[in-house]
Each structure stands twice: as C-alpha cells, then as structure tokens.
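See below for the structure under consideration.
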There are 2 protein chains.
Amino acid sequence: MRADARRNHARLLKVATEAFAEHGEGASLDDIAKRAGVGSGTLYRHFPTRRALLEAAYAARIDALAERGEELSRELPPGEALTKWLHEVCVATIQVRGLKSLLGTAATDTPLTTCGTLVKSTATTLLTAAQSEGTLRRDLTPTDLLRLTHGIATAAELGSGEREISQYLRLLLEGILSGSSAPVSPH
Amino acid sequence: MRADARRNHARLLKVATEAFAEHGEGASLDDIAKRAGVGSGTLYRHFPTRRALLEAAYAARIDALAERGEELSRELPPGEALTKWLHEVCVATIQVRGLKSLLGTAATDTPLTTCGTLVKSTATTLLTAAQSEGTLRRDLTPTDLLRLTHGIATAAELGSGEREISQYLRLLLEGILSGSSAPVSPH
DNA sequence: ACCTGAACACCGTTCAAGT
DNA sequence: ACCTGAACACCGTTCAAGT
C-alpha cells in the first residue's frame, strides 16, 4: 500500500469512529470523507460499503468485548461470568452508538463478519460452561442467547437506557411469571 | 374540509398503507405523493411528519390489536390471555412492516400518540388481571411489559422471524436459568 | 496505483404561484 | 381554502481525469 493510501485509510478510520459515535450508524459518509480531507471516491475505495467502514471502526471495541468475556470465564463461576458478560454486552450495545447493528450480525447461525464470529465464539464458551454447571437451560444455543441479549438491550433502550438493563436482564434470566426463584443476580 | 381535500386525504392514506407495507417505514414520501396523484406539498399539508402519516395509516391495525386484547381478557384466564396477546403483538410487530416503531412509542410511561395510549391501556388490563390472579410478577409495570415484548420481537426478527417468537416469548415468561417450572405455554 | 471532485440520481421539505 | 410543482439542500455512488 502506498504511503498516502495508508495515511488516508488511518484518517478515515479515526474520523469515522468519531462520526459514528456522534451521529450513530447513519452518519453521513460524505461528511466523513470531507472531515478526513479526502475525496468521496477514496472513502469508497477503502471501504466499499457502510458496513465495512462500521466494522473497521469498531473492530477494536468488539475485540475488547470478546476478550473481556474470556477473562470473566476464567475469573468467575460460569453462571456469574455469563450474566456479567451479557450485562456488559447490553451496556455496549446502548452506550456505543453505531455498535448495535454490528452486534446484531453476531446473532446469526453463521456470522459473516470476523467480529461476529469472535463474539459468537465467546458466547459459546460462556454458555457451554454455564450449561455444564447446570445453571443455564440446555435448550439454548449461543445464537438464541445473543439474539435475546440484543432484544433486552433494545427493550432497555426504549427506556432511559442503562438504568433498565439490570432489571430487564434479570427478568430474562429468571422469567417474568410467578413462582421462579432468583439464583443469580446480574450485578 | 373541501371535497378535493378529503379525496386527497383518503388516497394518500390508501397509497401510504401500501407503500409502508411494501418498503417498511422508510418508504419514499415523494413516491407516495406521486402514486396518490398529488403534489408533494399536499402530502405535507395533510401529514406534517412521517410519523403522522405512519400513525394514520396503521391506526385501524392498532385499534384491532387493542380490541383483540380486550376480547382475550374476556374469553380466557388472565395468564393465558396475556400470553396469547403478547404473542400476537410480536407477530404483528414483525409481520406488518412499518408497525414496529409505532408500537415502540407505546412502550413509554406517558405515550404521546393515541394508538400508544390505546395499546398501553390494553396491556394494563391484561397485566393487572394476571397479577391479581398471581401468575405474573408484581414488580412489572405495563411499560416494562411492552418494552420487553418489543425486545422479544426484535430478537425473533434477528432469526427467521415468526418461528422464534413462541420460543423466545416462552423463555422470557419462564426465564432462561435452570430450575424454573413452566406454568403457562404461549400457544 | 491511488486520489480527486464533478456528475448523477434520489430524497425530504418549503413556498411562491395558481385555482 | 387548497393544490401544484419548481427550487433548495442534502445524501450516496460512480467514474473520467489527473498525479
């Protein structure tokens, strides 16, 4: 890669991260190119689709989230590790604008993106451990778990945001019908 | 209202309903105006915002959903009525393109739209009945319930769609942690 | 090999002119 | 009182021309 190409790539990534954080995943691509000081064509050369740019901009974030999951699985009992990680995934989904749809792509049976594969792999680790321990239903796949977590984040987002995450996640974990006990709390 | 104004209003509503069904809530407003045979200004005169048009187009649908809830509350035991209604809300959320964001507005403490108020009122009826009966947690407000249902629909939408609704709704009702029993099935 | 920016198609919204 | 449609601002995407 030529020197100026590499520099443009880096600047685009930096500006894009800021733009997505500020305006969400719908941020103007033209504006990103302008702010990075390159022609719009250059943006499309480096990142042919909005998704590609979004992915590149948040790759580090996603990596950290996956790494954090592995860390928790080493440090805590399976049930607690899973609960805590799901909580952090929800927080990231809401708090980091533009991350939401990206995490949504992880919730498919065969994730098409690198970050999707990574997140799903972490979910699998935490889920199987909790299932072996006996604190999680066996009829639940990693895909189901990620979808439901995405749903909980969406539900919490309809409210004031983070405040509802703990509550709604606990409700998913315990069920909303009467008669269930409360084996694990999400905080 | 002048005769031509009333005719335009009706045509816009008809075309808009079709357009939203076909292209989702982001359907082109300009296209709607063209297909209705009116100038774009006329559309804005009748429906100043996209939301207003969306609401008008789906008002009948929402009314039917609320009415259906009242009907279920008369015909079935509270727990079953609630479960069945939530299932139907999820189906409508996914199946009827453009309805999703509209139902989202019902999930606030003080809904701003007529249809939001209606849906929330139905949710309240079903929820309080189930709580009185003792089959639903007491620490759950109608707003929470609608938000969680919206979340479940979103989760199911990440999959193939309707197929997952029953499963995910049951998981919310029963909880995903081990040790819970299954008092009510959503079908 | 890479970049630029004009050009094109599209969309939402407004408003002066018309009836 | 209501409608029309040109006009404006904006956006995504492509591509001929440049270096």
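Below, chains carry the letters A, B, ... as their sequence lines are ordered, and counting in each starts from 1.
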message = Nearest whole Å is fine: how far is C:dC3 P from A:R11 CZ?
response = 12 Å
remark   = note: A:R51, atom CZ; D:dG12, atom C1'; distance rounded to Å ~ 17 Å
inquiry  = Under a 3.5 Å cut-off for both contacts, is D:dA1 paired Watson-Crick or G-U wobble with anything, and if yes, with which nucleotide?
reply    = C:dT19
query = Hey, what's the ring geometry for A:H46 with A:H9, parallel, tilted or perpendicular (30° and 60° as the breaks)?
reply = perpendicular
task = Please name the residue in the list B:L173, B:L145, B:T135 that meets the side-chain contact (heavy atoms from CB on, under 4.5 Å) test with B:L82.
result = B:L145
ask   = Between B:T42 and D:dT4, does any side-chain N or O lie under 4.0 Å from OP1 or OP2?
value = yes
ask   = Rounding to a whole Å, what distance do you find between A:L43:CG and D:dT13:P?
value = 10 Å
ask   = Which residue lies toward the 5' end of DNA chain C, B:R2 or B:T49, if each is placed at its nearest nucleotide?
value = B:T49
query = Rounded to whole angstroms, how far apart are CG on A:L12 and P on C:dT4?
reply = 9 Å
query = What residue among B:R50, B:E25, B:H150 forms side-chain hydrogen bond (donor to acceptor under 3.5 Å, both in side chains) with B:S101?
reply = B:E25
query = Looking across every strand, which nucleic acid part, if any, lies under 4.0 Å from B:D31 by heavy atom: base, sugar-phosphate, or nothing?
reply = nothing
task = Look at all strands and tell whether A:G37 reaches a base, only sugar-phosphate, or nothing, counting heavy atoms closer than 4.0 Å.
result = sugar-phosphate
message = So if I apply the side-chain contact (heavy atoms from CB on, under 4.5 Å) rule between A:T105 and each of A:L112, A:T113, A:V119, which one comes out positive?
response = A:T113
ask   = Does B:A5 or B:S40 map to a spot on DNA chain D nearer the 5' end, using the closest nucleotide for each?
value = B:A5
inquiry  = If I take atom CZ in residue B:R45 and atom C1' in nucleotide C:dA17, what distance separates them, rounded to the nearest angstrom?
reply    = 14 Å
note = Residue pair A:A27/B:H9 against DNA chain D: nearer the 5' end by closest nucleotide is B:H9
query = A:I32 has an atom CD1; how far is it from atom C1' of D:dG12, in whole Å?
reply = 12 Å
inquiry  = With a 4.0 Å limit, can you tell me whether A:S28 has a side-chain N or O closer than that to the phosphate oxygens OP1/OP2 of D:dG12?
reply    = yes
key: Under 3.5 Å on both distances, the Watson-Crick or G-U partner of D:dT13   = C:dA7
task = Please determine if a side-chain N or O atom of A:H46 lies less than 4.0 Å away from the OP1 or OP2 oxygen of C:dC2.
result = no
query = Can you find a side chain N or O atom of B:N8 that sits less than 4.0 Å from OP1 or OP2 on D:dC3?
reply = yes
remark   = Closest non-hydrogen contact found for B:L12 with B:T42 is CD1-O, 4.3 Å
task = Specify the separation, in whole Å, of atom OH of B:Y44 and atom P of D:dG5.
result = 16 Å
task = Please report, rounded to the nearest Å, how far the P atom of C:dG18 is from the CG atom of B:D4.
result = 19 Å
